[in-house]
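So the structure is just underneath, and the comments pick up after that.
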Amino acid sequence: MEPNVAQPHGSLLAGLNNEQLSAVTWPNKSALVLAGAGSGKTRVLTTRIAWLLTTGQTNPAGVLGVTFTNKAAREMQTRLAAMVPVNVRAMWIGTFHGLCNRFLRLHHRDAGLPNTFQILDSADQLSAIKRLMKSLDVSDERFPPKAVQGFINGNKENGQRADVLSAGDPYTRKLIELYAAYDAQCRREGVVDFAELLLRSYEVLSANQPLRAHYQARFTHILVDEFQDTNRLQYAWLKLLAGDIGSVFAVGDDDQSIYAFRGAEVGNMRSLLTDFAIAEPIRLEQNYRSAGNILAAANALIEHNDGRLGKKLWTDAGDGEPIRLFEAHSDVEEAAFIVDEVKALEREGWRLSDIALLYRSNAQSRVLEHALVNAKLPYRIYGGLRFFERQEVKHALAYLRLIANPDDDNALLRVINVPARGIGARTVENLLAIGREQGVSLWQAACSGGAGRAAGKLADFVALIESLRAKRDDALLTLAETVSLAIEHSGLKAMYEADKKDGEERLANLDELVNAAASYMPDEPANALVEFLTAAALEAGEHQAEAGEDALQLMTVHAAKGLEFSAVFVSGLEEGLFPHENSMAERKGLEEERRLMYVAITRARRRLYLSCAQSRMLHGRSSYPLRSRFLEELPEALLKFLSAKPAPRAERAAWAQPAATPRPTRSANLGGWRIGQSVEHAKFGLGVVIDAEGAGGDDVRLAINFAEHGIKWLDLRYAKLNPA
DNA sequence: ATACTGCGGCTTTTT
DNA sequence: GCCGCAGTAT
């Protein structure tokens with residue numbers, strides 16, 4: 001710490017611990033802040049920006065603040081605004097995608113994009129891919145559209161265009177061909193997907209030296225949140241922007257890296273140290289959230305991972321309560337236990353909204369919800385559809401997109417016959433054929449009118465869109481009026497009014513859309529519609545608003561990252577579920593599962609419950625999983641066993657055994673096979689039996705580690721195995 | 001055009 | 001066991 005700098009800004013820096021202070025007042029060079037859970041990383045990030053500004057080391061234009069979620073970006077802006085008098089809206093603080101969008105709008109010419117370019121969300125992208133494949137007559141059996149989407153996005157996130165890819169096998173060659181065709185289609189239609197926002201920005205900066213020099217000189221301070229979640233392209237983008245002058249101040253936690261499955265590269269943390277000549281990360285290890293026992297459990301668990309940068313959370317708040325453990329006979333009993341405990345907590349005066357029920361996968365919420373409904377405990381569940389992803393909202397947005405740009409084929413196909421107006425599949429086929437043959441958009445094909453019997457209906461549709469466009473332009477409608485008019489004139493409103501099933505809710509959502517438009521503040525009023533549509537794509541909205549009532553919080557562990565609760569229940573701690581069996585087949589999959597467990601544990605402030613069940617309905621059948629190895633990785637001294645029937649001593653003895661040794665299965669019956677046996681499978685080749693589950697008899701599944709295909713779980717009723 | 005039925009699949013998810 | 005999709009029946 002440098003007193004001469006810190007002194008005049010005492011109020012800004014007051015209350016920071018030594019490590020936080022050294023991070024905040026780090027000199028103007030790159031840094032990696034290893035910020036443990038609950039160690040005050042957002043505070044460090046925002047205070048550093050405030051400090052840089054108030055000490056005159058930079059001005060608002062010199063700061064680039066990057067986050068992953070809109071929520072985090074907003075929080076950064078709000079907190080910064082409270083610290084320094086500065087127009088945070090004018091600053092470049094936002095998500096990777098939001099900032100790239102801003103960049104591409106400013107430089108759309110350099111990027112080769114129309115100034116009205118629209119953004120495809122994942123669902124839009126998938127339907128664009130399906131449409132493309134249909135037009136190219138590619139079998140969606142052999143090439144599942146989701147897999148094609150994954151291929152395209154994966155390559156974009158590695159910075160690779162189709163033209164630099166090559167493959168020996170025809171399958172991959174086809175994928176590359178589809179990738180190229182997809183990009184061409186997007187270019188024709190003036191749309192970009194999420195990954196494209198980043199890749200295109202990166203390419204424009206790479207190719208355009210003056211532009212690059214401008215931004216490199218401008219952004220002297222680049223600050224990144226949740227750095228462990230960056231992918232290769234994001235890292236390259238940051239590196240490019242930093243150039244030789246700029247510094248990167250990255251905050252992250254390798255132990256909370258839980259998004260490798262979507263391209264996050266924890267390795268970027270180590271790369272940052274070398275590429276930016278950082279001698280040692282700054283460690284924020286003092287935790288202000290959880291009781292000591294909870295941190296001790298988290299520390300002990302995460303020690304089982306290799307290759308960590310290393311970090312040990314501590315608190316001066318005392319040990320607190322033991323961690324409560326419950327082993328139920330069934331998933332239903334587990335849910336009943338949780339309900340009972342929650343009721344007890346409620347009686348003791350805990351707020352329901354301060355209690356979270358966490359689980360590994362969404363399917364687990366069902367049995368919990370069932371128990372909660374019966375117990376009349378209010379709950380709020382995160383996940384599922386978000387506002388701008390609802391079909392009625394997407395329909396309305398599609399009309400708005402057509403107003404902004406009628407050549408948007410995705411939008412046109414979505415609503416050309418919604419509500420039904422006599423334009424059937426045959427007519428649409430014709431349009432697609434014309435579009436393909438003449439190289440024009442579907443809108444242009446429809447305008448030319450050359451489509452047989454439904455020509456009149458098509459003309460009506462064209463007239464509808466044109467009248468909406470004309471009304472907006474001539475009558476100078478506000479954004480909200482445009483939205484409202486589109487909903488009404490398109491017939492969407494009438495359609496949902498006639499829908500007795502869930503029309504009412506959908507109409508309410510459409511009203512909400514009009515409200516959203518009314519309160520939307522565009523940067524450039526003349527461009528309000530395009531901006532609004534962009535915001536709708538980049539910020540899909542809350543998962544489910546419904547605030548107000550004091551309700552239990554149900555969510556996946558992933559969704560809980562970044563949140564904290566006084567009491568946390570982690571349910572379903574069973575092998576196969578948590579750690580999830582699918583993750584075992586992935587490289588480093590188990591370690592990511594363990595980090596996920598680490599995230600779950602560190603959400604709790606005062607009380608932590610961990611539970612598992614001896615039997616569980618899974619995929620419509622009973623399964624009899626083993627206790628999760630993660631439970632065995634926790635020091636027994638921290639635990640308090642609450643099971644109605646504690647496990648027998650023999651089983652308890654196995655409690656602290658290292659997880660590496662294969663444990664015996666519950667049922668000795670492995671359908672005649674044994675752990676460690678070599679087997680052969682017709683499709684997967686040679687492998688070794690490494691684990692088993694199921695009730696025995698015909699209900700046996702074996703985990704087999706195949707030489708060629710990795711670990712697979714096979715159901716003996718279907719899989720043909722031979723001894724090898 | 002819509003409603004029903006059968007089938008497969010099935011982890012996590014932000015932008 | 002449940003959901004979503006596709007294909008068929010009305």
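For clarity, every value in this text was computed on a predicted model and none was experimentally measured. Note on naming: letters A, B, ... go to the chains in the order of the sequence lines (proteins, then strands), and numbering restarts at 1 for each one. As a basis for the values below, the full set of heavy atoms in this structure was taken, side chains included, without hydrogen atoms, waters or symmetry mates.
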Leu385(A) has an atom CG; how far is it from atom C1' of dT14(B), in whole Å? 15 Å

Could you state the CG-P distance from Asn231(A) to dT13(B), rounded to the nearest angstrom? 18 Å

For Tyr382(A) and His558(A), I'd like to know if the aromatic rings sit close, meaning centre-to-centre distance below 6.0 Å. no

Write down the distance separating the C1' atoms in dA6(C) and dT11(B), rounded off to the nearest Å. 25 Å

Would you name the heavy atoms of His580(A) and Asn582(A) that are closest together and state the gap between them? ND1-N, 3.0 Å

Contacts under 3.5 Å, N or O only, protein and nucleotides 2-10 of chain C:
none

Under 4.0 Å between any heavy atoms, over every strand shown, what does Asn70(A) touch: base, sugar-phosphate, or nothing? Just pick one. sugar-phosphate

Could you give the CZ-to-P distance, from Phe103(A) to dT15(B), as a whole number of Å? 22 Å

Nearest-Å distance, CG (Asp193(A)) to P (dT13(B))? 21 Å

Within a 6.0 Å radius of atom CZ on Arg74(A), are there more than 12 heavy atoms belonging to other residues, nucleotides or ligands? yes

Using a cut-off of under 3.5 Å, enumerate the N/O to N/O pairs linking the protein to nucleotides 4-12 of chain B.
from, atom 1, to, atom 2, distance (Å)
dT11(B), OP1, Asn582(A), ND2, 2.8
dT11(B), OP2, Asn582(A), ND2, 3.3
dT11(B), O4', His580(A), NE2, 3.2
dT11(B), O4, Glu586(A), OE2, 2.8
dT12(B), OP1, Asn362(A), N, 2.6
dT12(B), OP1, Asn362(A), ND2, 2.8
dT12(B), O4', Arg360(A), NH2, 2.9
dT12(B), O2, Arg360(A), NH2, 2.7

Compare all side-chain heavy atoms of Arg594(A) with those of Ile258(A) and state whether any distance is below 4.5 angstrom. no

Can you check the Phe388(A) CZ to dT15(B) P distance for me, whole Å? 13 Å

Cation-aromatic face contact Arg105(A)/Phe117(A), 6.0 Å, 45 degrees: yes

With sequence neighbours left out, the residues meeting side-chain contact (heavy atoms from CB on, under 4.5 Å) with His370(A) are Asn374(A)

A side-chain contact here means heavy atoms from C-beta on lying under 4.5 Å apart; do Arg506(A) and Gln391(A) qualify? yes

Whole-Å gap separating C1' (dA1(B)) and CG (Asn417(A)): 9 Å

Whole-Å distance separating the CE atom of Met495(A) from the P atom of dT2(B): 10 Å

Quick one, Leu372(A) and Leu357(A) - any side-chain contact, counting heavy atoms below 4.5 Å? yes

Spacing of the C1' atoms in dC3(C) and dT14(B) (rounded, Å): 23 Å

What is the distance from NE2 of His370(A) to P of dG1(C), rounded to the nearest Å? 13 Å

dT12(B) glycosidic torsion: syn (within 90° of 0) vs anti: anti

Side-chain touch Gln185(A)/Val191(A), heavy atoms, less than 4.5 angstrom: no

